Amino acid sequence: MRQSQKLFRRAQLTIPAGVNSPVRAFRAVGGTPLFIRRGRGAQVWDADGRAYIDYVGSWGPLIVGHGHPDVIKAVQQAAERGLSFGAPTEQEIEIAEVLCRLVPSLDQVRLVSSGTEATMSAIRLARGFTGRDTIIKFEGCYHGHADALLVKAGSGALTFGQPSSAGVPAETAAHTLVLEYNNETALEHAFEQGGAGIAAVIVEPVAGNMNLVAPRPGFLERLRQLCTQHGAVLIFDEVMTGFRVALGGAQALYGIRADLVTLGKVIGGGLPVGAFGGRRDIMQAIAPLGAVYQAGTLSGNPVAVAAGLATLKLVQAPGFYDRLAASARILCEGLTRSAQAHGVPFSAASVGGMFGIYFRETPPVNFTEVMQCDKERFNHFFHAMLAEGIYLAPSAYEAGFVSSAHGAAEIERTIGAADKVFSSGTG
Ligand SMILES: *Cc1c(COP(=O)(O)O)cnc(C)c1O
């Protein structure tokens with residue numbers, strides 16, 4: 001911890017709170033963030049040389065683990081050819097073809113450099129295409145930090161008890177209607193009241209930024225029906241769930257087609273790649289074909305695309321998602337069994353390669369229930385697990401991630417560590 005403490009002190013002199021993204025600062029759980037020196041497979045090593053089994057995975061992208069040789073080789077080869085051209089390359093077509101082939105409802109796709117850019121662009125496109133202003137989002141869902149979407153958002157925004165941000169004009173937020181996740185009645189009511197003005201509904205088909213909250217059966221189906229009925233664009237924000245919950249993302253898992261889909265995280269394999277795509281008629285409204293402007297100096301960056309392509313090749317291996325889902329499920333079952341054996345109120349859930357752990361008896365179905373989790377207990381658990389060499393997300397409001405590098409040994413070791421923590425009463 002000594003090196004991390006030193007680095008943290010130094011970082012705070014020139015970087016606000018010492019971090020370049022808020023949740024990294026450990027404010028929710030207290031203590032000093034680990035400064036990471038390197039990663040390999042399922043493990044990371046901190047600045048003091050201590051090893052941890054990593055369940056953060058760079059917050060989702062590292063689905064094949066750290067430093068996979070195929071990904072590293074692809075990046076090295078791409079870098080040799082040049083870092084950026086600001087002109088089209090063949091690899092951009094390749095990744096677009098892969099995405100359109102594997103993700104349902106993608107006729108066309110455009111690359112950007114982050115999930116935030118993808119959702120921001122999708123919202124603008126939906127508004128431009130429909131000629132309407134109102135967007136609907138759900139409480140606790142996070143869609144990046146564009147103004148219109150920073151209303152009752154999850155993730156870091158939740159951790160700090162500031163569901164909205166200062167600096168967002170009231171007029172901007174006024175066009176964003178926030179509804180309860182998994183609440184069909186509220187949704188029906190909103191469409192009854194103002195259906196003709198609704199440009200888009202944006203949803204995390206599996207919410208992963210208020211811890212993990214799975215959609216209740218029927219919720220996404222009803223959402224699809226209402227959007228179709230009222231001519232609103234349905235946007236599945238699959239920045240987290242894309243290539244995470246299944247090969248074709250949540251659309252494939254639940255058999256529902258969105259009009260627009262946003263992607264990020266896994267599709268860049270650890271380098272900055274985002275994407276938004278969907279129905280051809282909607283995508284044709286983008287400049288230079290249409291009137292909706294969208295651009296990016298480093299969009300489709302060749303080195304980032306190479307990392308994405310190599311990762312997307314690996315996840316297409318037969319049985320990849322079965323094994324990934326089994327790892328997450330076995331982890332959740334093991335943790336729950338251990339907690340119950342020691343009388344700790346606890347539950348866990350997983351969807352594909354993402355999971356949630358909750359210090360309450362049953363998995364939450366919406367933001368209000370997420371807030372009922374015992375945060376103090378989580379914070380104790382987090383630090384106790386860290387001391388055991390298990391690196392969980394440093395907030396009770398984040399989902400966890402397994403990678404294909406998390407084998408039976410890592411999962412077993414994690415359950416063993418949790419058992420020790422629960423039995424000592426600190427859980
Ligand atoms: C991470 C995330 C984003 C934002 O992506 P960035 O690359 O961090 O800008 C948007 N939507 C969802 C669902 C996410 O999980």
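Given the structure is predicted, the values throughout are model-derived calculations rather than measurements. Just so you know, ligand 1 is whichever comes first in the structure, and atom 1 is the first atom listed for that ligand.
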Student: Does only the side chain of N209 get under 4.0 Å from ligand 1, or the backbone, or both, or neither? Count heavy atoms.
Tutor: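 N209 to ligand 1: side-chain contact only, backbone stays beyond 4.0 Å.
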Student: Can you name the nearest heavy-atom pair linking A118 to T262, along with the distance?
Tutor: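 Where A118 meets T262 most closely, the heavy atoms are O-CG2, 3.6 Å.
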Student: As a quick check of understanding, evaluate salt bridge (Lys or Arg N to Asp or Glu O under 4.0 Å) for D259 and R224, giving each step before the final call.
Tutor: CA-CA 9 Å; D259 301 307; R224 176 65 276 179; 3.0 Å; yes
Student: Please assess F381 against F359 for the test ring-ring contact (aromatic ring centres under 6.0 Å, His included), listing each intermediate value before the final yes or no.
Tutor: CA-CA 10 Å; F381 182 71; F359 284 87; 5.5 Å; yes
Student: Please report which non-hydrogen protein atom sits nearest to atom 6 (P) of ligand 1, along with the residue it belongs to and the distance in Å to one decimal place.
Tutor: G115 N, 3.4 Å
Student: Counting each atom of ligand 1 from 1 as listed, which ones have a heavy atom of H143 under 4.0 Å away?
Tutor: 10 (C), 11 (N)
Student: Considering non-hydrogen atoms only, spot the tightest contact between Q251 and F236 and give its length.
Tutor: CG-CD2, 3.6 Å
Student: Output the distance between atom CD1 (I202) and atom CD1 (I235), rounded to the nearest 0.5 Å.
Tutor: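 Here the rounded value is 4.5 Å.
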Student: Looking only at distances, can you tell me whether any N or O atom of V239, backbone or side chain, sits closer than 3.5 Å to an N or O atom of ligand 1?
Tutor: no
Student: Under 4.0 Å from a heavy atom of E204: give me the atoms of ligand 1 that qualify, with their elements.
Tutor: 13 (C)
Student: With heavy atoms only and a cut-off of under 4.0 Å, state how E238 meets ligand 1: side chain, backbone, both or neither.
Tutor: neither
Student: For atom 2 (C) of ligand 1, what's the nearest protein heavy atom and its distance?
Tutor: K265 NZ, 2.6 Å
Student: Out of all atoms in ligand 1, which are within 4.0 Å of some heavy atom of M240? Include the element for each.
Tutor: 15 (O)
Student: Give me the nearest non-hydrogen protein atom to atom 9 (O) of ligand 1 as residue plus atom name, then the distance to 0.1 Å.
Tutor: T116 OG1, 2.6 Å
Student: May I ask you to check if ligand 1 and D237 share an N or O to N or O distance below 3.5 Å?
Tutor: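 N/O-N/O distance under 3.5 Å: yes.
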Student: When Y52 is tested against each of L386, I36, I390 for side chain to side chain contact (heavy atoms under 4.5 Å, CB included), which residue passes?
Tutor: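 When L386, I36, I390 are each tested with Y52, the side chain to side chain contact (heavy atoms under 4.5 Å, CB included) holds only for L386.
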Student: Can you list the atoms of ligand 1 that are under 4.0 Å from a heavy atom of S114?
Tutor: 7 (O), 9 (O)
Student: Taking both backbone and side-chain atoms of T119, is any N or O found less than 3.5 Å from an N or O belonging to ligand 1?
Tutor: no
Student: Below 4.0 angstrom, N of the basic side chain to O of the carboxylate: do D107 and R279 qualify?
Tutor: no
Student: Which atoms of ligand 1 have any heavy atom of Y142 under 4.0 Å away?
Tutor: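 That gives atoms 11 (N), 12 (C), 13 (C) of ligand 1.
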Student: In Å, rounded to the nearest 0.5 Å, how long is the span from CD of E180 to CD of E139?
Tutor: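 Result: 7.0 Å between the selected atoms.
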Student: When you look at F219 and Y181, which way does the ring-ring contact (aromatic ring centres under 6.0 Å, His included) test go after all the steps?
Tutor: CA-CA 9 Å; F219 175 63; Y181 196 78; 5.3 Å; yes
